[in-house]
Visitor: 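What follows is a structure written as structure tokens; I'll ask about it next.
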Amino acid sequence: MASTHALLDVSGAEKTFGANRVLGGIDFSVARGEFVSLLGPSGCGKTTLLRIVAGLMAADRGSVRLDGAEITNVPTHKRNVGVVFQNYALFPHLTVAENVAFGLRVQKFAPEQIGKTVERFLDLVHLGEKASQPVRGLSGGQQQRVAVARALAVAPKLLLLDEPFSALDRKLREGMQIDLKRILREVGITTVLVTHDQEEALVMSDRIAVMNRGEIEQFAAPADVYLRPQSLFVLGFVGHAARIEGHVLTSQNGLVEVETPLGLLKAPGNFVSGSTVTVAVRPEYIRVNDASPEPDSNMIQATLTEIVFQGSKSHLHFIGNGDTPILVEASQLPRDLRPGATATLTWRFGDGLSFPPERSA
Amino acid sequence: MNASSSRVDPVALLAAPAILYMLVVFALPMSVLVIRSFSGSSGPTIEAYTSFLGDAFNWRVIGNTLRIAFFTSLVCLLIGYPTAVALARSKGAVQALLLVAIILPLSVGVVVKTFAWQIVLRRDGIVAAFLVATGVWDEPQLLLFTETGLVLGAANVFLPFMILPIYSVLKLINPNLQDAAATLGASPAQRFFRIALPLATPGLFSGTSIVFSLAASMYVIPSLLIGDRFQTLATLTGRAFLLMRDERLGSTTATVLLVLSILIVTVSAWAVRPKGGR
């Protein structure tokens, strides 16, 4: 994955805590100007990777290059990598403006330049009128903006965001995400976001690196991660999907035929006959009681167990043979369907996915 | 949440028992003492103070008191601050062990501890042997009955009162602040002087105030470690009441000690006051 034009290039990063291998030799690179997310469950190693890039933790093995320079052994304060911490880590004994000025002061910038820069970044995050206030009284969203302004004021080469929205009200988040993306685009800074929230990663990123047990399972554009997940883990972590396990009967012309408790299913893929595979399908591709299904479609019978109304859409929970849960997303509430009723579910062969069994730990 | 209200907070009533107790056992007797120091045969007078302060010996006593209290506070501060940092950073069993190691010595009486120091500070004691072995001293010397010995002994007794207030402040400081400062380009020294130290100031101040007040007013420790030749305001007060039966002198020295302690603690509180947002 190492590219000569990468701004950040981590190669072979390994980290072990006691018997726990947190990072298993990760290669990770980010192009100049790119917004990349490290997405994964807690304990997947994403925060460890961030701390290694910031120099707050040393990797056992591997190297970090930033803007062409080897920085593996450079201490944090000489790296010029900005970080917005999860709880923002604002200096409680300083005002808003003093927080933003801190980096410029310790780096001995001229006072008039410090004044101008602080003003510029406080305006950028719309906190100009709070400049002389202590940081204690600020709301969570305002604190986050101070933390962003403080990190950007020293003009870092790279900005790292560690779960910056997790402390905020769920309703505020989407607006803040779009706001922050606008600010970062205006500044034109290369950014790495660490998050466990798939929606956040999908909304903000140019590319997403999905991490699991110290490895990157897939590193691709958000649409690719969602539409073409490379592993069962990525499929499960990003979005919903019905999963049906079975055995391969035939595999030809890029289409695999699988024998499952729900009957014969076809999905794109190439497997050896007899091997175990999981056929998956996203909820929005499944049609319920379609009177005229398309020709190359899978067709199964399932029982409706629950209807969850979610405003602009509804989630229909079905259960098929072998206790297989199947989630269907419908844009309208079904009129003639009640829980307990049996329905025919159809989806095109091409809309399904197929996966080998998940790698074991 | 800063709910500003002009009504009396009912929670404030919880302080009532302490206030009542301190009024009866501290403020009242102290007032009697202060009044006595101003009483003369023909009405109120400051004669006791003028004669006390007119004697050069008494100025040396005041000097002794402040010097011993200052150096004891300094030794406690220099040992206590790093200890408090280690305590605040430690976790689980290690932290519990450290806390026990700091608090348990408080359960050993001052007299016992001080007698132990008498053994340690002898000419053939551990400290002298160590200093000779490391080449600091050419030959063993007596540390007992010296000011150095007194400061070492007093610092040993009062150290927990320095460590615990600093620790209680440090453990509330977000550990990410140091990391945040580093990512902004602050060197380890800048992180210490611009972040760690300003945020620890309230704890450093309360620890120093407590140790200074305790060291300025200690009576048993100097009596056992340095003896009668060296007088402080506290030992002089004791002598005035117990040996000389001079109540007015005792009241005067006690009042001088009280005023000096209050003055020093108040002035230093003002000096390290948090600088509000400019």
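Here is the naming used below: chain letters follow the sequence lines, and residue numbers restart at 1 for every chain.
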Visitor: Take atom CZ of B:Arg67 as the centre, draw a 6.0 Å sphere, and report whether it contains more than 12 heavy atoms from other residues, nucleotides or ligands.
Guide: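 More than 12 within 6.0 Å, yes.
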Visitor: Please look at A:Ala153 and chain B and tell me whether the side chain, the backbone, both or neither of the residue comes under 4.5 angstrom of a heavy atom of that chain.
Guide: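 No part of A:Ala153 comes within 4.5 Å of chain B.
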Visitor: How close do A:Ala89 and B:Asn176 get, heavy atom to heavy atom, and via which atoms?
Guide: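 That closest heavy-atom pairing would be CB-CB, 3.8 Å.
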Visitor: Check whether any side-chain heavy atom of B:Asn174 sits under 4.5 Å from a side-chain heavy atom of A:Phe85, and report yes or no.
Guide: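 They are not in contact (no side-chain heavy atoms under 4.5 Å apart), so the answer is no.
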Visitor: Measure the shortest side-chain to side-chain distance between A:His77 and B:Pro188 over non-hydrogen atoms and say whether it is less than 4.5 angstrom.
Guide: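 Counting from C-beta outward, A:His77 and B:Pro188 do come under 4.5 Å.
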Visitor: Tell me, side chain or backbone of A:Phe91 under 4.5 Å from chain B's heavy atoms, or both, or neither?
Guide: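 Its backbone and side chain both get close to chain B.
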Visitor: Examine whether an atom of A:Val154 lies under 4.5 Å from a heavy atom of chain B, and if so say whether it belongs to the side chain, the backbone or both; otherwise answer neither.
Guide: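 The side chain, not the backbone.
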Visitor: Specify which of A:Leu90, A:Leu94, A:Asn87, A:Val81 makes the most heavy-atom pairs with chain B at under 4.5 Å.
Guide: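 Option with the top pair count is A:Asn87.
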Visitor: Please report the shortest heavy-atom distance between A:Val83 and B:Thr183, naming the atom on each side.
Guide: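 What the structure gives for the nearest pair is CG2-CG2, 3.5 Å.
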Visitor: Would you find more than 12 non-hydrogen atoms of other residues, nucleotides or ligands less than 6.0 Å from B:Ile126 atom CD1?
Guide: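 Not buried by this count: 12 neighbours or fewer within 6.0 Å.
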Visitor: Any side-chain to backbone donor/acceptor pair from A:His93 onto B:Arg194? Under 3.5 Å, distance only.
Guide: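 Pair found, side chain donor or acceptor close to backbone of B:Arg194.
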Visitor: How about B:Phe192: does its CZ atom have over 12 heavy atoms from other parts shown lying under 6.0 Å from it?
Guide: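 Yes, CZ of B:Phe192 has more than 12 neighbouring heavy atoms, counting only those of other groups under 6.0 Å.
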Visitor: Which bit of A:Arg150 comes within less than 4.5 Å of chain B, counting heavy atoms only: side chain, backbone, both or neither?
Guide: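 Backbone plus side chain of A:Arg150, per the 4.5 Å heavy-atom cut-off to chain B.
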Visitor: Can you tell which part of B:Leu199 gets under 4.5 Å to a heavy atom of chain A, answering side chain, backbone, both or neither?
Guide: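 Contact with chain A: side chain only.
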Visitor: More than 12 heavy atoms of other residues, nucleotides or ligands under 6.0 Å from CZ of A:Arg182: is that the case?
Guide: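 For A:Arg182, atom CZ is crowded (more than 12 foreign heavy atoms under 6.0 Å).
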Visitor: Could you tell me which of A:Ala54, A:Pro92, A:Gly82 has the largest number of non-hydrogen atom pairs under 4.5 Å with chain B?
Guide: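 When all of A:Ala54, A:Pro92, A:Gly82 are compared, A:Pro92 has the most.
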Visitor: Measure distances from B:Asp179 to the heavy atoms of chain A and classify the residue's part below 4.5 Å as side chain, backbone, both or neither.
Guide: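 Both parts, heavy atoms under 4.5 Å.
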Visitor: Does any heavy atom of chain B fall under 4.5 Å from the side chain of A:Leu104, the backbone, both, or neither of them?
Guide: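 Neither part.
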Visitor: For residues A:Phe102 and B:Ile195, determine if any side-chain heavy atom of one lies less than 4.5 Å from a side-chain heavy atom of the other.
Guide: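 Sidechains of B:Ile195 and A:Phe102: in contact.
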Visitor: I'd like to know if the side chain of A:Gln107 and the backbone of B:Ala186 have a donor-acceptor N/O pair within less than 3.5 Å.
Guide: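 A pair under 3.5 Å: no.
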Visitor: Is the number of heavy atoms from other residues, nucleotides or ligands under 6.0 Å of B:Tyr21 OH greater than 12?
Guide: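 Incorrect, the count does not exceed 12.
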Visitor: Which distance, rounded to the nearest 0.5 Å, do you find between the CZ of B:Arg191 and the OG1 of A:Thr76?
Guide: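 The OG1 atom of A:Thr76 is 7.0 Å from CZ of B:Arg191, to the nearest 0.5 Å.
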